[in-house]
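Notes follow the structure.
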Amino acid sequence: MPFKNKFIQQRIEKAKQLKEAGFNPYQNQSNKNITILQFKDVNSDIQTLDNKRDENRHYIVAGRIKLFRIMGKASFLKIEDENDVLQIYLARDNLPEGMYNNIIKKLIEVGDIIEVGGYPFVTNKGELSLHVSEFKLLTKAIAPLPEKFHGITDKEIRYRKRYLDLIMNSDVRKTFKMRSKIISLTRRFFEEKGFLEVETPMMHPIAGGANAKPFVTHHNALGIDRYLRIAPELYLKRLIVGGFEAVFEINRNFRNEGMDATHNPEFTSIEFYQAYKTYKDLIVLTKEYLLYLIEKMDLPCLLPYGELEINFNNFIEIPLIESLSKIGKVNETIVNDKQKILDFLKQNNLEANQNMTLGQLQGKLFDEFVEEKLIDPTFITEYPVDISPLARRDDDNQDITQRFELFIAGREIANAFSELNDPVDQLERFMKQIDAKEAGDDEAHEMDQDFVEALSYGMAPTAGEGIGIDRLIMLLCNEHSIRDVLLFPAMRPTTTENTN
RNA sequence: GUCUCGUUAGCUCAGCUGGUAGAGCACGUCACUUUUAAUGAUGUGGCCGUUGGUUCAAAUCCAACACGGGACACCA
């Protein structure tokens, strides 16, 4: 039963009284002619005037009432629009007969959206305000806002009812404006570099391009299942085959896996592919991209992140094996010997078994001893082949791949490699994945014959990279949960939502 | 999936070793024409997450469940 709350009932009654008094509580139109930010900018000189006011200026601003201080025949209100808060001054004698006593004092309250016209002045306490002579209610809020001082802190309510969070916490609005700007700048950066933005399917007949469990949906007309995409990779590479030489896509991926501070079932990534380039070119491009964001976002190169400080003047590049000893402090004599690694892991009470390959064990060492220590942006290169199923082998060393991952603040941000473009090799790797699938690995790739066929027509040597946009935004916005950079993070339905 | 903490008024939170439910904000009424979380007076407002158990008696103790936070695990 909606609206049964007594406060809501009370406010519905006020809306009714407003209607009866001839004021539509849900107006269709506003005469707002300036934002609060602009108002403050244009009138910053009022301080210096003799009377600290200029009655010849006239502005109409609009916003939501956040504070309402009634002091008898006059009131101070704070109204908020998208970017700022403005104090307005209402006095009985400056408003039409009866408006102040019968309408504003009785029927208007915190949460309502109003429009006010008047002239700028500075109060005794020095605050630039609007001296109101015209008042109009635009929208009546029948639900009361949360407490004015503490606002809303319950994370569950903040995520489920993001609109309330946005009303009450202007910092949250700031974060999402930053998010929008980062995505916009990303688009501009790649366009300026000559990349073409493309859109590839979100519903795939085969869930490919990554190892992950997909969501399944059904196409009624065709009578077949489709998978929400887990990665756009295989489609973007088809476009390189087709002759586009640099493409990128910023969009959602869907993975049917766990949720935590860095995972949401749908997340945004950018993937980009450039023909006639290698992963080494992408290291250069990635550095340039990150510095571009830092500069355009007006962020410091010594970026604070929680307790950490990330130095964007200190890009590090180091091969994985070297990082094990130099950063992970694992003895050099251990890192290339399978049995010694197994013993070492056992000594440190870490799980490992004899079936793991040398490459997998090196990966394990990296995860345990190196990853969390990579605070400044670090490109880890020369990944072992066994843990890089999609990357091209190095021509000079068949055990390693032409690949890097970028880590910042102990977290993986990007993954890139020179792409495998040998169709026969690709076919063989798909076959191996099918074997793995039949052996019970439900995250193994499925065969994508059409992709193999595409490669058979020849794909120019190409380098490709994926960057987790949400995690990058977390870094730049100093947020520590992915939910705080997603407007509507995935939540379990509530009981009432279930019954719907 | 495991561990852990939490769920009390619209919001923010108290409520101790069980004994008829508390505050601030908001809201109602009154006063107040330069306030800054305005102030003063006064009043209304609770399925104490849900279900069960122990007890003469449960917001409080126990169990299960639901939802959430945090950590860990899983996840290229």
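Labels below follow one simple rule: chain letters A, B, ... track the order of the sequence lines, proteins then strands, and each chain is numbered from 1.
For A:Glu109, the listed nucleotide lying nearest its side chain is B:G28; candidates were B:U36, B:G28, B:C32. Residue A:Asp260 has its side chain nearest to B:A73 when only B:C11, B:U34, B:A73 are considered. Distances were taken from every side-chain heavy atom of A:Pro144 (C-beta onward) to each of B:A38, B:A37, B:G10; the shortest belongs to B:G10.
Stem list for RNA chain B (at least 3 consecutive Watson-Crick or G-U pairs, distances under 3.5 Å): B:1-7 with B:66-72, B:10-13 with B:22-25, B:27-31 with B:39-43, B:49-53 with B:61-65.
One finds no side-chain N or O of A:Lys125 lying less than 4.0 angstrom from the OP1 or OP2 phosphate oxygen of B:U34. An OP1 or OP2 oxygen of B:A38 is reached within less than 4.0 angstrom by a side-chain nitrogen or oxygen of A:Arg69. Listed pair A:Arg483 / B:G70 meets the phosphate criterion, a side-chain N or O lying under 4.0 Å from OP1 or OP2. Between A:Lys148 and B:A26 there is a side-chain polar atom (N or O) within less than 4.0 angstrom of OP1 or OP2. Between A:Arg492 and B:G68 there is a side-chain polar atom (N or O) within less than 4.0 angstrom of OP1 or OP2. The side chain of A:Thr153 places an N or O atom within less than 4.0 Å of a non-bridging phosphate oxygen (OP1 or OP2) of B:C13. Distances shorter than 4.0 Å separate none of the side-chain N or O atoms of A:Arg11 from OP1 or OP2 on B:C27.
Electrostatic pairing of A:Arg392 and A:Glu419 does not count as a salt bridge here, judged by no charged N lying under 4.0 Å from a carboxylate O. Ion pairing between a basic and an acidic side chain is recognised when a charged N comes within 4.0 Å of a carboxylate O; A:Arg11 and A:Glu109 show such pairing. A salt bridge does not link A:Arg229 with A:Glu266: every distance from a Lys NZ or Arg NE/NH1/NH2 to an Asp or Glu carboxylate oxygen is 4.0 Å or more. Salt-bridge formation is detected for the pair A:Lys364/A:Glu368: a Lys NZ or Arg NE/NH1/NH2 atom is positioned less than 4.0 Å from an Asp or Glu carboxylate oxygen. Contact check on A:Arg64 versus A:Glu80 returns no salt bridge, with no Lys/Arg side-chain nitrogen under 4.0 Å from an Asp/Glu carboxylate oxygen.
Residue A:Ile79 is tested with A:Asp84, A:Leu67, A:Val85, A:Ile88 for a side chain to side chain contact (heavy atoms under 4.5 Å, CB included); the sole match is A:Ile88.
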Salt bridge (Lys or Arg N to Asp or Glu O under 4.0 Å) between A:Asp448 and A:Arg238, intermediate numbers included:
CA-CA 12 Å; A:Asp448 188 336; A:Arg238 281 176 171 93; 3.1 Å; yes
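For the pair A:Arg483/A:Ser481, a side-chain contact is recorded, criterion being any heavy-atom separation below 4.5 Å from C-beta on. A:Glu20 places none of its side-chain heavy atoms less than 4.5 Å from the side chain of A:Leu18.
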Could you list the protein-to-nucleotides 4-9 of chain B atom pairs, N/O on both sides, closer than 3.5 Å?
none

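In this entry the distance linking CG of A:Asn169 with P of B:A37 reads 17 Å, nearest Å. Rounded to whole Å, the distance from CD1 on A:Ile88 to P on B:U36 is 17 Å. Counting to the nearest Å, the C1' atom of B:C11 and the CD1 atom of A:Ile152 are 7 Å from each other. At whole-Å resolution of the value, CD in A:Glu257 and P in B:C75 are 9 Å apart. Protein atom CZ of A:Phe68 is 17 Å distant from nucleotide atom P of B:U35, rounded to whole Å. Rounded to whole angstrom, the span from the CG atom of A:Leu77 across to the C1' atom of B:U34 amounts to 14 Å. What separates CD1 of A:Ile65 from P of B:A26 is a distance of 14 Å, to the nearest Å. Rounded to an integer number of Å, the gap from NZ of A:Lys73 to P of B:U33 is 4 Å.
Interface remark: the A:His263 side chain does form a donor-acceptor pair with the B:C75 base, using a distance-only criterion of under 3.5 Å. One donor-acceptor pair, N or O on each side, does fall under 3.5 Å between the base of B:U33 and the side chain of A:Tyr89.
Across all strands, A:Phe121 comes closer than 4.0 Å to base atoms (heavy-atom distances). Using a 4.0 Å heavy-atom criterion, one finds that A:Lys14 contacts the sugar-phosphate atoms exclusively. The residue A:Asp154 sits close only to the backbone: its heavy atoms come under 4.0 Å of sugar-phosphate atoms, none of a base. As judged by a 4.0 angstrom heavy-atom cut-off over every strand, A:Thr123 is placed among the base-contacting residues. Among the atoms of the strands shown, base atoms are found under 4.0 Å from some heavy atom of A:Glu405. Among the protein residues, A:Leu67 comes within range of the sugar-phosphate backbone only, with heavy atoms under 4.0 Å from sugar or phosphate atoms but none that close to a base. Among the heavy atoms of the strands lying under 4.0 Å from A:Met491 are primed sugar atoms or P, OP1, OP2 only; no base atom is included.
Taking the six-membered ring for Trp and the full ring otherwise, A:Phe344 and A:Phe369 have centroids separated by under 6.0 Å. Aromatic ring centroids of A:Tyr279 and A:Phe379 lie 6.0 Å or more apart. For an aromatic pair to be called close, the ring centres must be under 6.0 Å apart, and A:His131 with A:Tyr89 satisfies this.
The C1' atoms of B:C61 and B:C48 are separated by 15 Å, rounded to the nearest whole Å. Between the C1' atoms of B:A38 and B:A26, the separation comes to 15 Å (whole Å). Taking atom C1' on both B:C25 and B:U51, the two are 34 Å apart, rounded to the nearest angstrom. Here, B:C3 and B:A57 have their C1' atoms 35 Å apart, quoted to the whole Å. Taking the P atoms as reference points, B:C75 lies 45 Å from B:C16, given to the whole Å. Rounded to a whole angstrom, the distance from the C1' atom of B:U33 to that of B:G49 is 48 Å. When the P atom is used for both B:A9 and B:U50, the distance is 11 Å, rounded to whole Å. Rounded to whole Å, the separation between the P atoms of B:C62 and B:G6 comes to 11 Å.
For A:Arg92 and A:Ala414, each mapped to the nucleotide of RNA chain B holding its nearest heavy atom, the one lying further toward the 5' end belongs to A:Arg92. Each of A:Pro146 and A:Glu127 has a nearest nucleotide on RNA chain B; the 5'-most of these lies closest to A:Pro146.
Note that CD1 of A:Ile316 is 4.0 Å distant from OG1 of A:Thr378, once rounded to the nearest 0.5 Å.
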